[in-house]
Amino acid sequence: QVQLVESGGGLVQPGGSLRLSCAASGSIANIYYMAWYRRAPGKQRELVAVITNGGSTNYADSVKGRFTISGDNAKNTVYLQMTNLKPEDTAVYYCNIKSVVSYTGVRNDYWGQGTQVTVSS
């Protein structure tokens, strides 16, 4: 069973930067969607950023201009570069990779275990 392993979280001061990484423990074929979500204390999980296999990206309004998502399908890895971090960015961040089995159409949905990002002075 392929697992996603996240790294790069931690404690940072407001205005600082962090880079999150998410790597698959094995090969994932036919990836069509890579994304980062987050869940802040007392709030529902929200989509932060997504990148498709065509290279299209989309961001939550709250992070536009500050966060950048990138992916490497060959390495089954997705990154989230976060700059100008704010206290409201504090949350557990989860990566998500979706793929499809070409000959059956069955979709696979992989999730990381989460990495804590805390923005505080």
Side-chain angles (χ1 to χ4, degrees):
Q1 179 73 12
V2 173
Q3 295 181 333
L4 302 185
V5 180
E6 296 139 338
S7 60
L11 173 64
V12 63
Q13 291 186 343
S17 300
L18 284 175
R19 186 186 192 224
L20 304 183
S21 299
C22 171
S25 61
S27 179
I28 301 175
N30 301 322
I31 292 173
Y32 64 90
Y33 176 102
M34 303 172 100
W36 288 92
Y37 291 77
R38 68 186 181 187
R39 186 192 300 269
K43 295 186 178 180
Q44 292 188 334
R45 185 180 66 191
E46 65 170 338
L47 176 64
V48 176
V50 58
I51 184 168
T52 67
N53 59 342
S56 297
T57 58
N58 199 16
Y59 297 90
D61 288 342
S62 59
V63 307
K64 282 181 181 177
R66 301 188 297 120
F67 290 11
T68 303
I69 188 171
S70 60
D72 187 334
N73 282 19
K75 295 182 179 180
N76 298 162
T77 302
V78 59
Y79 306 95
L80 185 67
Q81 178 67 49
M82 305 185 293
T83 62
N84 191 21
L85 283 159
K86 303 176 180 181
E88 52 263 41
D89 294 319
T90 295
V92 178
Y93 285 71
Y94 300 89
C95 62
N96 176 230
I97 293 178
K98 301 184 192 299
S99 67
V100 60
V101 180
S102 58
Y103 53 90
T104 65
V106 173
R107 297 178 185 271
N108 295 309
D109 197 10
Y110 303 95
W111 288 89
Q113 81 287 353
T115 185
Q116 176 70 46
V117 171
T118 302
V119 185
S120 175
S121 55

Using the side chain to side chain contact (heavy atoms under 4.5 Å, CB included) criterion, which residues pair with [X]? Sequence neighbours excluded.
X: Asp61; value: Lys64
X: Ser27; value: Asn76
X: Ala40; value: Lys43, Ala91

Which residue pairs pass the salt bridge (Lys or Arg N to Asp or Glu O under 4.0 Å) test with at least one member in residues 22-41, sequence neighbours excluded? Arg38-Glu46, Arg38-Asp89
Could you give all pairs that pass the salt bridge (Lys or Arg N to Asp or Glu O under 4.0 Å) test and reach residues 73-83, with sequence neighbours left out? none
Measuring only between side-chain heavy atoms, which start at C-beta, is Asn73 closer than 4.5 Å to Met34?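 Yes; the side chains approach each other to less than 4.5 Å.
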Within this structure, what is the CG-NZ distance for the pair Asn96 and Lys98, rounded to the nearest 0.5 Å? 4.0 Å
Taking only residues two or more places apart in sequence, or in another chain, which ones meet Phe67 in a ring-ring contact (aromatic ring centres under 6.0 Å, His included)?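 In terms of ring-ring contact (aromatic ring centres under 6.0 Å, His included), with neighbours along the sequence ignored, Phe67 is linked to no residue.
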Could you work out, with side-chain hydrogen bond (donor to acceptor under 3.5 Å, both in side chains) as the rule, every residue matching Arg107, not counting sequence neighbours? Tyr32
With sequence neighbours excluded, residues passing side-chain hydrogen bond (donor to acceptor under 3.5 Å, both in side chains) with Tyr110: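 Tyr110: no side-chain hydrogen bond (donor to acceptor under 3.5 Å, both in side chains) contacts found.
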Using a 4.5 Å side-chain heavy-atom cut-off and chaining through intermediate ILVMFWY residues, the residues clustered with Tyr79 come out as none
Are Trp36 and Ile31 in one and the same hydrophobic cluster, where Ile, Leu, Val, Met, Phe, Trp and Tyr link if side-chain heavy atoms are under 4.5 Å apart?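 Yes; tracing contacts between hydrophobic side chains, which count when under 4.5 Å, links both residues.
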Could you see if Tyr94 belongs to whatever hydrophobic cluster contains Leu80? Use Ile, Leu, Val, Met, Phe, Trp, Tyr and a side-chain cutoff under 4.5 Å. no
Short question: side chain of Thr118, backbone of Thr90 - any donor-acceptor pair under 3.5 Å?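 Looks like no, no N/O pair under 3.5 Å.
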Asn30 side chain vs Val100 backbone, donor-acceptor pair below 3.5 Å: yes
Arg66 versus Leu85, closest heavy-atom pair with distance: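 Scanning both residues, the minimum pair turns out to be NH1-CA, 3.8 Å.
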Which pairs, with at least one residue in residues 50-82 and sequence neighbours excluded, count as a disulfide (SG to SG under 2.5 Å)?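 For residues 50-82, and leaving out neighbouring residues, there are no disulfide (SG to SG under 2.5 Å) pairs at all.
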Tell me which donor-acceptor pairs under 3.5 Å the side chains of residues 2-22 have, and how far apart each pair is, sequence neighbours excluded?
from, atom 1, to, atom 2, distance (Å)
Glu6, OE1, Gln113, N, 3.3
Glu6, OE1, Gly114, N, 2.4
Glu6, OE2, Cys95, N, 2.6

Could you go through residues 47-59 and list every donor-acceptor pair under 3.5 Å that involves a side-chain atom there, pairing it with any protein atom two or more places apart or in another chain?
from, atom 1, to, atom 2, distance (Å)
Thr52, OG1, Gly54, N, 3.4
Thr52, OG1, Ser56, N, 3.3
Tyr59, OH, Ile69, N, 2.9

